[in-house]
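Reviewing the structure listed below.
These numbers were taken from a predicted model, which means no experiment stands behind them. Chain letters run A, B, ... following the sequence lines, proteins first, then strands; residues in each count from 1.
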Amino acid sequence: MNIVEQIKTRLKEEIVSAILKANLAESDELPAIVLEHPKEKAHGDYATNIAMQLARIAKKPPRQIAEEIAARIDRDSAHIQKIEVAGPGFINFFLTNDYLANLVPAILRLGDKYGETQTGKGKKVQVEFVSANPTGSLHLGHARGAAYGDSLCRILEKAGYEVHREYYINDAGNQIHNLALSLEARYFQALGIEKNLPEDGYFGEDIVQFARELAEAEGDRLVKMDEEERLDFFRQYGLEKEMERIKQDLQDYRVEFDEWYSETSLYTSGKVAAALKKLEERGVTYEKDGALWFRSTAFGDDKDRVLIKQDGSYTYLTPDIAYHEDKFTRGFDLLINVWGADHHGYVPRMRAAVEALGYDVEQFKVEIIQMVNLMQNGEKVKMSKRTGKAVTLRELMEEVGIDAMRWFFAMRSADSHLDFDMDLAVSQSNENPVYYVQYAHARVCSILRQGRALGYDDTEDAVLAKLSSEKELELLKKLGEFPQAVDEAAERRATQRITNYVFELAAALHSFYNVERVIDEADPATSKARFQLMKAVQVTLKNALHLLGVSAPERM
RNA sequence: GCGCUCGUAGCUCAGUUGGAUAGAGCGGUGGUUUCCGGGGCCACGUCAUGCGGGGGUUCGAGUCCUCCCGAGCGCGCCA
């Protein structure tokens, strides 16, 4: 348990024991003690509203209850300097600062591990994200989903969860057939043979390029091939090339996956048939108009859904149900799906399927990633200037940089629409939050370099009680909040909790820096303590930025 | 028509299981420089008829319920 958690736990225990001592409630009717971190500094380090909650049970006015509790708290054992009863019955706790001195050595000892918590220990989470069809380049919407999903995974891991990152490849079905036809047409065209793309084909530059490479490598060998054989080839080839490109884009974007799960494999392994059989056995299917239906309305969906079409083929839903059945049988405690906003209508039927298969819907979460508007010169950018098509992930990486993208996509809650300001993202100025926080890190590194040149070091004994000025204490408190920020971000699946934390920590650092001097040769004892404080800030900033996939440069 | 999401300062957005005087950045104004990185810091104020509007639940509502308005998206035997 980290230091701040220890302090809070101790305080809660002390509050409970005070309530019991005052006979305000029996232990079995006691509500959970909530400690909050008041926004107003004048309200102390922690505050609890327990007196208001007890008003009904104890049948006394909240303020009187608060006074009775406050009087019975053992201040010394809970590191309390002062207790105040305020407002309608809040109890405000002002802590002594002695515990903060332990924070710096703890952070230095933990290093990269600082911020890790035990919250998710023993829980297996599977996160499925991006899962873009392998029929073209990743673009803007995928960029947001990838940034969010990857940061979420990193945060969950930091919070102790065992995380499995997965990309579902839709490598079966119509769209792959269309990909093959499109590639075939482009290949013929590359050889100077006229051939049209199918109406719902894919017109991307990527396919033109693949076809050109193929024409160079293979000449007209494929033209002479049997048509069915040829389409098979193009299906395989197109899929391979598209996935290769997607994987490269994601890797460059600092997004990693543990598993690339093939839809086709669900068919070949018999999992689709097995899932269908399970649904039939559970009595949630029926036949109508020559098709097989899933009675999803029995589980809250708007209408029933087709599983097997009249022509005997499956709908998209069917293998997806098999996929989720498979996820559950792999023993995950929680499944998180990150989907684009255009798929939100699909959520009720998938949830219905999860329930119909006999699983707890609470273990199935869908995070909807809202739309992104690219803004440039105050106007919406509809299409790429270069290609006239949708703006790709690759183009954005080249134009605004990975750090800015990862930060901007993580900094807003996923479920609200986002205006991505390209001008701001590329600006190297204080308007740009990602530069602001990276600058803080670079500045600290610069101080550390100078300290080391004077012989300071992280491991020597320093009198950390020297860190007692207002700015130092604020900075220490902010450093101590990191594990809690990780927990909250994981719990709410809210990446913006981390960007906000990093920003606050950077601000606390700059604010300290302007008032206090770290390296002062006239006062080596204070300098040593502050040097270690700076090292702790550097470690924490770096760890927090790492959760976002944003680099922590030592120089800028 | 139905459903989902959203509506908080001039702009872009935070706001933890309902809690005290609703915040941040940017934009604006004024300070700050013999100083470890001035890409910083500090202050001000706006500007919110108090969180789109009305009603309700509650000791207490931006947060929960309900109705209305507005925006986006979705409503296929497509994927």
Side-chain N or O of Tyr513(A) versus OP1/OP2 of G38(B): is the shortest distance under 4.0 Å?
yes
*asked:* So, OP1 or OP2 of C77(B): does either fall under 4.0 Å of a side-chain N or O from Lys303(A)?
replied: no
* Within the modelled atom types, does a donor on one side and an acceptor on the other bring the side chain of Asp302(A) and the base of G3(B) under 3.5 Å apart? -> no
Practice task
Could you check whether Thr315(A) gets within reach of a base, just the sugar-phosphate, or nothing at all, counting any heavy atom under 4.0 Å?
Solution key: sugar-phosphate
- prompt: Within the structure shown, what part of the strands sits under 4.0 Å from Asn373(A) by heavy-atom distance: base, sugar-phosphate, or nothing?
  reply: nothing
Under 4.0 angstrom, heavy atoms only, what part of the nucleic acid is Glu516(A) near: base, sugar-phosphate, or nothing? base
Pick base, sugar-phosphate or nothing for Gln370(A), based on heavy-atom distances below 4.0 Å to the nucleic acid. sugar-phosphate
Fill in: C1' gap between C64(B) and G19(B), integer Å
14 Å
Any donor-acceptor pair under 3.5 Å joining the side chain of His344(A) to the base of G3(B)?
yes
Compute whether any side-chain donor of one residue and acceptor of the other, for Tyr286(A) and Asp304(A), lie under 3.5 angstrom apart. yes
Counting the atoms with a prime plus P, OP1 and OP2 as sugar-phosphate, which does Ala291(A) contact under 4.0 Å by heavy atoms, base, sugar-phosphate, or nothing? base
- Scan Ser313(A) against the nucleic acid and name what it touches under 4.0 Å (heavy atoms): base, sugar-phosphate only, or nothing. nothing
| message | Would you measure the distance from the C1' atom in U57(B) across to the matching atom in C13(B) and give it in whole Å? | response | 30 Å
Result for 5'-nearest mapping on RNA chain B, choosing between Glu488(A) and Phe512(A), is Glu488(A)
side-chain hydrogen bond (donor to acceptor under 3.5 Å, both in side chains) filter on Asn373(A), not counting sequence neighbours, yields Asp419(A)
| query | So does Arg349(A) get a side-chain nitrogen or oxygen closer than 4.0 Å to the phosphate oxygens (OP1/OP2) of C75(B)? | reply | no
>> Between U16(B) and A61(B), how far apart are the two C1' atoms, rounded to whole Å?
In response: 16 Å
Quiz item: Do the side-chain N and O atoms of His417(A) and Arg412(A) include a donor-acceptor pair separated by under 3.5 angstrom?
Solution: no
- Between the base of C6(B) and the side chain of His417(A), is there any donor-acceptor pair under 3.5 Å? no
query = How is Arg492(A) classified with respect to the nucleic acid when contacts are heavy atoms under 4.0 Å: base, sugar-phosphate, or nothing?
reply = sugar-phosphate
Sequence neighbours excluded, the answer for side-chain hydrogen bond (donor to acceptor under 3.5 Å, both in side chains) partners of Asn174(A) is none
Q | Distance-only side-chain donor-acceptor flag, Lys535(A) / Gln532(A), under 3.5 Å | A | no
Exercise for review: Report yes or no: is there a donor-acceptor pair, N or O only, under 3.5 Å between the side chain of Asp320(A) and the base of A79(B)?
Suggested key: no
Item to complete: For G39(B) versus A24(B), give the span between their P atoms, rounded off to a whole number of Å.
Response: 24 Å
Under 5.5 Å between ring centres and under 30° between planes: true for Phe90(A) and the base of A20(B)?
yes
Point to revise | Between Glu166(A) and Tyr323(A): side-chain donor-acceptor atoms closer than 3.5 Å | key: yes
*Considering only atom P, compute the distance from G31(B) to C73(B) and round it to an integer number of Å.*
48 Å
Sugar-phosphate only, base, or nothing, as touched by Asp289(A) at under 4.0 Å among non-hydrogen atoms
base
Just to be sure I understand the rule, does Met556(A) reach a base, reach only the sugar-phosphate, or reach nothing, if contact means heavy atoms closer than 4.0 Å? base
Note to self: Could you tell me how far C78(B) sits from C6(B) if I compare only their C1' atoms? Round to whole Å.
What the structure shows: 27 Å
